[in-house]
Protein chains: 2
Amino acid sequence: MKRDSRLSGVLHVLLHMAEMNGPVTSETMARAMQTNPVVIRRIMAGLREAGLVRSEKGHGGGWTIGRPLSEITLRDIYDALGRPDLFAIGNRTESPGCLVEQAVNAALDDSLAEAEALLIARFGTVTLAALSADFHARMVASGRSVDLETNHAPL
Amino acid sequence: MKRDSRLSGVLHVLLHMAEMNGPVTSETMARAMQTNPVVIRRIMAGLREAGLVRSEKGHGGGWTIGRPLSEITLRDIYDALGRPDLFAIGNRTESPGCLVEQAVNAALDDSLAEAEALLIARFGTVTLAALSADFHARMVASGRSVDLETNHAPL
DNA sequence: TTTCATGTAATTCGATATGTTACATGATGG
DNA sequence: CCATCATGTAACATATCGAATTACATGAAA
């Protein structure tokens, strides 16, 4: 199964946006993430609808963060992405007639639901501000400067 | 992302085996599961190596469970399957040079590791005997009889 | 020695996350 | 105005991976 990396990707984008002054274009972000601008717009679309970011067209346009980093949690972002499936394992048949399979599904669903609740609750406790702080701590530790060029392809 | 249903599948197979007297062939199980015998053998291979089941070739051959149901947990089976990935979400890049992405990965990995530990611990508490008991309870509740034909395609 | 069953490699199929192309919409600046 | 820049999106291409299938080898029992 191929893993969904949109959450990871969007976090990366948002933290970079937080380091910039003005709006950042999809084009710029795509180059930094080594992907396609359309991919960026696609993963940002949900966030825009959720009010987490804003986008402007035309000259000087691009994306900006819509709220303080301390008021955006991983859970907000996960929700904005449409709550993608968390698990790579699942039931063979979702509504089986077989009672054996029903028992199996019930046991598995129980365990997965518990793990999912834990994970989502944990997402709710992690803010972008915390991630940003961790990033800055890593930067100090590494002695690097705050610019995209250092870590990504030149813009 | 397509979900890995081997755990679900193998549990289904094992509980059906538990209802049978003698060995069950891959052919029979495949028909009951509406899949291919090779798929059955493939998912059973790891369990055989782990000693959870035995297989016999030739006339009267097939698969049998190697230990009391009360001594096999979901965790044993999960391990025997080779501990497949549990999560459908993951990092965009596994060893990023970008410090932002490192911070993102660290946060995500932390949360996922915690959820994984919970899930695996929980798997360790669920035995096949418990699943079998649940199945029998469901059967009593539904008034059905114990045979594959009732719930699956006729053998 | 025929038949039945597992063991396994190799290949195909199908689903889906991601990447790409193409074009429409709207904002800004001359 | 209108040329340019940027987002918005649909449509299509590609890559990956779980599952299914095919083919054939091995070994046990009648």
Side-chain angles (χ1 to χ4, degrees), chain A residues 1-10 12-13 17 20 22-49 53-64 66 81-94 155, chain B residues 1-10 12-13 17 20 22-49 53-64 66 81-94 155:
Chain A
M1 161 196 305
K2 197 177 173 89
R3 289 172 131 185
D4 180 343
S5 63
R6 283 178 299 159
L7 181 57
S8 165
V10 79
H12 189 183
V13 164
M17 282 172 59
M20 314 296 242
V24 188
T25 66
S26 310
E27 172 67 29
T28 297
M29 294 195 279
R31 224 173 325 170
M33 314 262 304
Q34 306 188 77
T35 181
N36 194 292
V38 176
V39 174
I40 302 291
R41 293 188 195 121
R42 201 149 51 199
I43 63 182
M44 297 293 275
L47 302 217
R48 185 184 52 235
E49 281 156 30
V53 298
R54 276 190 291 271
S55 64
E56 298 293 340
K57 293 180 176 179
H59 284 273
W63 300 86
T64 45
L81 288 176
R83 296 177 170 254
D85 264 354
L86 290 174
F87 298 106
I89 64 175
N91 298 327
R92 224 174 50 86
T93 304
E94 219 44 63
L155 306 182
Chain B
M1 162 195 307
K2 197 177 174 91
R3 289 173 131 183
D4 179 342
S5 64
R6 283 179 298 160
L7 181 58
S8 166
V10 78
H12 190 183
V13 163
M17 282 172 59
M20 313 295 241
V24 188
T25 67
S26 310
E27 172 67 30
T28 297
M29 294 195 277
R31 225 173 325 171
M33 314 259 307
Q34 307 188 75
T35 182
N36 195 292
V38 176
V39 174
I40 302 290
R41 293 187 196 122
R42 200 149 50 199
I43 62 182
M44 297 292 276
L47 303 218
R48 184 184 54 235
E49 280 157 30
V53 298
R54 275 190 291 271
S55 64
E56 298 292 341
K57 292 179 175 180
H59 284 272
W63 300 85
T64 45
L81 288 176
R83 297 176 168 254
D85 264 353
L86 289 174
F87 298 106
I89 64 175
N91 298 326
R92 222 175 50 87
T93 304
E94 219 44 64
L155 307 181

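Labels below follow one simple rule: chain letters A, B, ... track the order of the sequence lines, proteins then strands, and each chain is numbered from 1.
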Checklist entry - Looking only at side-chain N and O atoms, does A:Ser26 come under 4.0 Å of OP1 or OP2 in D:dA6? => result no
Item to check | Residue pair A:Thr25 / A:Trp63: nearest heavy atoms and the distance that separates them | outcome: C-CD1, 4.3 Å
Checklist entry - Using a cut-off of 4.0 Å on non-hydrogen atoms, how would the nucleic acid contact of A:Gly60 be classed: base, sugar-phosphate, or nothing? => result nothing
Checklist entry - Starting at CZ of A:Arg6 and ending at C1' of C:dT18, how long is that distance when rounded to a whole Å? => result 10 Å
Next on the checklist: Does a side-chain N or O of A:Thr35 approach OP1 or OP2 of C:dG19 to a distance below 4.0 Å, or not?
Outcome noted: yes
Checklist entry - Atom NE2 of A:His59 and atom P of C:dT28: how far apart are they, to the nearest Å? => result 10 Å
Next on the checklist: If you compare all heavy atoms of B:Thr64 against all heavy atoms of B:Pro23, which two are closest, and at what distance to 0.1 Å?
Outcome noted: CG2-CA, 3.7 Å
Checklist entry - According to a strict under-4.0 Å criterion, is B:Arg54 in side-chain N/O contact with OP1 or OP2 of C:dA5? => result no
Next on the checklist: Please check this pair: side chain of A:Arg92 against backbone of B:Met33, looking for a donor-acceptor N/O pair closer than 3.5 Å.
Outcome noted: yes
Checklist entry - Closest heavy-atom contact between B:Asp85 and A:Ala88? => result O-CB, 3.5 Å
Next on the checklist: Between A:Thr25 and D:dC5, is there a contact of a side-chain N or O with OP1 or OP2 at under 4.0 Å?
Outcome noted: no
Checklist outcome for this item: Here the distance between atom C1' of C:dA17 and atom CG of A:Asp85, to the nearest Å, is 13 Å
Checklist outcome for this item: Here the distance between atom P of D:dT7 and atom CE of A:Met17, to the nearest Å, is 10 Å
Item to check | Comparing B:Ala45 and A:Asn36 on DNA chain C - which has the more 5′ nearest nucleotide | outcome: B:Ala45
Item to check | Selection from C:dA22, C:dG7, D:dA23 that lies nearest to any side-chain heavy atom of A:Val38 | outcome: C:dA22
Next on the checklist: If you go through the side-chain atoms of B:Arg42, does one of them form a donor-acceptor pair with the base of D:dA20 closer than 3.5 Å?
Outcome noted: yes
Checklist entry - Does the side chain of B:Ser5 get closer than 4.0 angstrom to OP1 or OP2 of D:dA19 through an N or O atom? => result yes
Checklist outcome for this item: Rounded to whole Å, CG of B:Leu81 lies from P of D:dA19 at a distance of 10 Å
Checklist entry - To the nearest Å, how far apart are A:Asn91 CG and D:dA19 P? => result 12 Å
Identify all side-chain donor-acceptor contacts of residues 38-48 of chain B below 3.5 Å with residues at least two apart in sequence or on another chain.
unit_1	atom_1	unit_2	atom_2	d
B:Arg41	NE	B:Ser26	OG	3.3

Item to check | B:Arg41 side chain near C:dG7 phosphate (N/O to OP1/OP2, under 4.0 Å) | outcome: no
Checklist entry - Can you check the B:Glu56 CD to C:dT3 P distance for me, whole Å? => result 22 Å
Item to check | Length of the line joining B:Lys57:NZ and C:dT8:P, which is rounded to integer Å | outcome: 8 Å
Checklist entry - Taking N and O atoms by type only, does the side chain of B:Arg48 place a donor or acceptor under 3.5 Å from a partner on the base of C:dG7? => result no
